[in-house]
Asker: 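Quick one: structure below, then a few questions.
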Amino acid sequence: MKVIKRFVAGAVCPRCGEMDRLRTFRDEQHEYRECVDCGYEDRMRLDGAPDEDELPTRVNQPSDTPEPTPEEQVLQFKPNPVARK
């Protein structure tokens with residue numbers, strides 16, 4: 001299967017900030033973006049599922065933080081109301 005790479009009009013590269021330098025192409029599982037100036041590459045699965053090589057972050061990993069005990073007090077800070085004249 002021949003891969004057709006197409007430029008995206010008006011797109012700005014997230015790395016170098018140049019306009020009209022990104023091109024996109026796809027295969028059966030992923031859609032790719034690449035910058036012809038700086039070499040930036042990005043890919044996204046077409047079915048919306050996360051990639052297998054997703055970096056572990058605090059958001060996608062189980063939490064090791066225990067729940068607060070009844071003796072602990074959780075503080076919530078609220079902003080002061082703005083004084084009106």
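Sequential numbering from 1 along the given sequence is applied to the chain's residues.
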Asker: Applying side chain to side chain contact (heavy atoms under 4.5 Å, CB included), name anything that partners Asn80, two or more places apart in sequence or on another chain.
Answerer: none
Asker: Tell me every residue that passes side chain to side chain contact (heavy atoms under 4.5 Å, CB included) with Val36, counting only those two or more places apart in sequence or in another chain.
Answerer: Phe7, Arg21, Arg23
Asker: What residues, two or more places apart in sequence or in another chain, satisfy side chain to side chain contact (heavy atoms under 4.5 Å, CB included) together with Asp27?
Answerer: Gln29, His30, Tyr32
Asker: Looking at every non-hydrogen atom in both residues, tell me the closest pair between Val8 and Asp20 and how far apart they are.
Answerer: O-OD1, 3.9 Å
Asker: Testing the basics here: between Leu22 and Pro14, what is the closest heavy-atom pair and its distance to 0.1 Å?
Answerer: CD1-CD, 4.4 Å
Asker: Checking Arg26 now: which residues fulfil salt bridge (Lys or Arg N to Asp or Glu O under 4.0 Å) with it, not counting sequence neighbours?
Answerer: Glu31
Asker: Tell me, please, which residues at least two apart from Glu71 pass side-chain hydrogen bond (donor to acceptor under 3.5 Å, both in side chains).
Answerer: Thr69
Asker: At what distance, to the nearest 0.5 angstrom, does OG1 of Thr24 lie from CE of Met44?
Answerer: 8.0 Å
Asker: Show every side-chain hydrogen bond (donor to acceptor under 3.5 Å, both in side chains) that has at least one partner inside residues 3-13, sequence neighbours left out.
Answerer: Lys5-Glu34
Asker: From Glu18 CD over to Cys35 SG, what is the distance, rounded to the nearest 0.5 angstrom?
Answerer: 7.5 Å
Asker: Identify, with sequence neighbours excluded, every residue that meets salt bridge (Lys or Arg N to Asp or Glu O under 4.0 Å) alongside Asp42.
Answerer: Arg33
Asker: Would you mind listing the cluster partners of Ile4? Hydrophobic ones only (ILVMFWY), side-chain contacts under 4.5 Å, chaining allowed.
Answerer: none
Asker: Which other residues end up in the same hydrophobic cluster as Leu46, if Ile, Leu, Val, Met, Phe, Trp and Tyr are linked when side-chain heavy atoms come under 4.5 Å apart?
Answerer: none
